[in-house]
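Accompanying notes for the structure given below.
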Amino acid sequence: MLQLNKPGALLQATENTVYYAVPSDKAVDGYLYHNSFWLESPHLIPVSIQEIPIQSLRDKMFPNSPIQLDWLMADKPSFESDFLQIQNKIKSAGWKKAVPMVFDTAVPKEGLFKHSLSYLLQASGSGYMYAFWNEQTWFLGLSPETLYEWNGSEITSVAVAGTAHALNKIELLDTDKERIEHQYVIDGISEILSLMGEVQISNTEKYQVGPLQHLKTSITTACHYLPKNAELIENLHPTPALGAYPLVHRRDDLKNLLTPRPKLAFGSPFGLITDRWHKIIVAIRNLQMLDNELYLAAGCGIVADSVLEQEWLELTSKRKAIKQRLGIL
């Protein structure tokens with residue numbers, strides 16, 4: 001069973017099971033990868049891995065009443081500055097899309113990780129539940145996005161972009177702005193995977209994760225061998241879903257353009273690598289404790305037709321949905 005007093009990690013395996021990974025010097029089944037968004041401090045940790053039923057964890061971890069936190073809300077002027085900088089690059093420098101982020105902060109409360117994990121276990125089944133904890137930090141969330149999976153014969157990545165709240169009754173498939181934003185993500189992922197072989201692109205469909213709806217397209221290529229390292233992670237990350245497009249701008253150019261951000265796991269690759277399979281998700285929709293401060297972040301895709309107030313409302317909806325999922329107010 002889970003030992004929350006010792007370092008460990010969880011990652012959704014199937015609808016009804018999770019992988020539980022524990023650092024190990026002996027019985028090594030694979031490696032746990034986690035990092036910050038700009039890949040500043042990569043960690044590839046030898047771990048033992050077991051697949052356990054989610055219900056067995058639910059039976060031992062019961063949600064309590066939501067916890068009230070004293071939030072310092074995201075700074076709108078900083079977001080507006082990033083928005084205008086990106087729009088200027090779109091108009092004058094050939095950029096097509098870029099993704100800024102904002103975050104709320106709060107002082108952590110004792111037992112918050114276990115509390116939010118109990119809520120997360122109830123919410124799993126839509127998206128990918130994940131969690132990480134050690135002596136220095138912890139984070140947990142429910143991500144709608146896979147960076148890539150490898151099953152021994154095929155690599156599958158998923159473009160997830162475009163967002164609407166269920167209450168808004170927006171038909172994403174018929175919204176030009178959302179379809180264009182989504183296409184940039186498809187194009188960016190396809191550019192990277194096409195270097196490995198012929199790419200197959202599925203039909204785009206709607207994807208419901210909690211109260212939020214997205215567009216989703218699977219992209220695959222044949223691959224019968226992947227080394228147990230972070231090479232493909234570093235090649236794919238960040239996709240235009242969290243970075244920028246064209247891809248040439250997605251790292252140094254984007255980092256230099258945007259408001260500096262803490263070294264958070266938000267938006268970063270996170271997952272497990274073994275001889276037989278890889279599963280790497282994009283660590284969004286999460287809560288993180290870092291340096292004894294809580295961070296709850298969200299991002300949004302800015303394209304030529306983006307409207308500042310609409311994007312700000314999207315960021316607000318995303319952060320509210322995360323808080324509800326994790327039992328915090």
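Quick note: residue numbers are just sequence positions, from 1.
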Stepwise side chain to side chain contact (heavy atoms under 4.5 Å, CB included) test for K96 and D187: CA-CA 11 Å; K96 302 296 184 184; D187 292 345; over 6 Å; no
Taking only residues two or more places apart in sequence or in another chain, which ones pass ring pair (Phe, Tyr, Trp, His ring centres under 6.0 Å) with Y20? none
Does S81 use its side chain to pair, donor to acceptor, with the backbone of P77 at less than 3.5 Å? no
Partner set under salt bridge (charged side-chain N to carboxylate O under 4.0 Å, His left out) for K279, not counting sequence neighbours: E149
If you look only at pairs with a residue in residues 251-266, which of them pass as a side-chain hydrogen bond (donor to acceptor under 3.5 Å, both in side chains), with sequence neighbours excluded? D82-T259, H249-D253
Grab the two heavy atoms, one from P108 and one from N292, that are nearest each other, plus how far apart they are. CD-O, 3.3 Å
Can you run down the side-chain hydrogen bond (donor to acceptor under 3.5 Å, both in side chains) pairs that involve residues 218-244, sequence neighbours left out, and say none if there aren't any? K228-D275
Within this structure, what is the CZ-CD1 distance for the pair F266 and I284, rounded to the nearest 0.5 Å? 6.0 Å
Partners meeting side-chain contact (heavy atoms from CB on, under 4.5 Å) with A265 (sequence neighbours left out): F139, S268, Q288
Can you list everything that forms a side chain to side chain donor-acceptor pair (under 3.5 Å) with S153? Sequence neighbours excluded, please. N151
Reported CG-to-CG distance for the pair L120 and L10, which is rounded to 0.5 angstrom: 8.5 Å
Side-chain contact, heavy-atom cut-off 4.5 Å: N16 with I54? no
Results of side-chain contact (heavy atoms from CB on, under 4.5 Å) for S118 - residues two or more places apart only: M61, P63
V28 with L32, same ILVMFWY side-chain cluster at under 4.5 Å: no
Step through the shown structure and confirm whether more than 12 heavy atoms of other residues, nucleotides or ligands are within 6.0 Å of CG on D59. yes
Minimal heavy-atom distance between V160 and V185, with the atoms involved, is N-CG1, 4.4 Å
Measuring from atom CG of L226 to atom CZ of R276, what distance do you get when rounded to the nearest 0.5 angstrom? 14.0 Å
List the atom of L147, the atom of P269, and the distance in Å for their closest heavy-atom pair. CD2-CB, 4.1 Å
Does any part of the side chain of M101, heavy atoms only, come nearer than 4.5 Å to the side chain of L264, both counted from C-beta? yes
Non-hydrogen side-chain atoms of I233 and N35 separated by less than 4.5 Å: no
Residue that, paired with T217, satisfies side chain to side chain donor-acceptor pair (under 3.5 Å) out of Q183, E205, H182: H182
Residues 272-313 vs ring pair (Phe, Tyr, Trp, His ring centres under 6.0 Å), sequence neighbours excluded, gives Y19-W277, F79-W312, F103-Y295, Y148-H278, W150-H278
Closest non-hydrogen atom pair between F83 and L308, with its separation: CZ-N, 3.5 Å
With a 4.5 Å limit on heavy-atom distance, are the side chains of L117 and L4 in contact? yes
Between I219 and I186, is a side chain to side chain contact (heavy atoms under 4.5 Å, CB included) present by the stated rule, with each step listed? CA-CA 8 Å; I219 303 156; I186 295 171; 4.2 Å; yes
Do S143 and Y130 have side-chain atoms, one donor and one acceptor, less than 3.5 Å apart? no
Heavy-atom closest pair, residues P238 and F37: CB-CZ, 3.7 Å
Using the side chain to side chain donor-acceptor pair (under 3.5 Å) criterion, which residues pair with R319? Sequence neighbours excluded. D104
Taken to the nearest 0.5 Å, the spacing of W138 CH2 from L287 CG works out to 4.0 Å
What side-chain hydrogen bond (donor to acceptor under 3.5 Å, both in side chains) pairs are there with at least one residue in residues 108-117, not counting sequence neighbours? none
I need the L326 CG to Q122 CD distance, nearest 0.5 Å. 12.5 Å
Mind checking whether L242 and L236 sit in one hydrophobic cluster, side chains of I, L, V, M, F, W, Y counted as touching below 4.5 Å? yes
Should L290 and F132 be counted in the same cluster of Ile, Leu, Val, Met, Phe, Trp and Tyr side chains packed under 4.5 Å apart? no
Those residues at least two apart in sequence (or on a different chain) that pass salt bridge (charged side-chain N to carboxylate O under 4.0 Å, His left out) with E309 are K76
Which residues satisfy the side-chain contact (heavy atoms from CB on, under 4.5 Å) test with S65, sequence neighbours excluded? none
Do P42 and Y33 have side chains that get closer than 4.5 Å, going by heavy atoms? yes
Would a 4.5 Å heavy-atom cut-off, applied to side chains only, mark L84 and N88 as touching? no
Does CD in E198 sit with more than 12 non-hydrogen atoms of other residues, nucleotides or ligands closer than 6.0 Å? no
NZ (K323) with more than 12 external heavy atoms under 6.0 Å: yes
Note, E191 side chain near Y245 side chain (heavy atom, < 4.5 Å): yes
Distance check, rounded to the nearest 0.5 Å: C223 atom SG versus L232 atom CG? 8.0 Å
Would N286 and I322 count as a side chain to side chain contact (heavy atoms under 4.5 Å, CB included) here? Give the steps. CA-CA 7 Å; N286 67 21; I322 298 165; over 6 Å; no
Main-chain N/O of M289 paired with T137 side-chain donor or acceptor, under 3.5 Å: yes
Please determine whether side chain to side chain contact (heavy atoms under 4.5 Å, CB included) holds for the pair L121 and M129, giving the CA-CA distance in whole Å, both sets of side-chain angles, and the decisive distance to 0.1 Å. CA-CA 8 Å; L121 289 166; M129 185 189 73; 3.6 Å; yes
In one Ile/Leu/Val/Met/Phe/Trp/Tyr side-chain cluster, 4.5 Å: I192, M196: yes
Over all atoms of both residues, closest heavy-atom pair of W95 and P246: CA-CD, 4.0 Å
Co-membership, hydrophobic cluster, residues L296 and F113, 4.5 Å side-chain: yes
Evaluate the side-chain proximity of I273 to P227: yes if any heavy-atom separation is below 4.5 Å, no if none is. no
Donor-acceptor contact present, side-chain K216 to main-chain V158, <3.5 Å: no
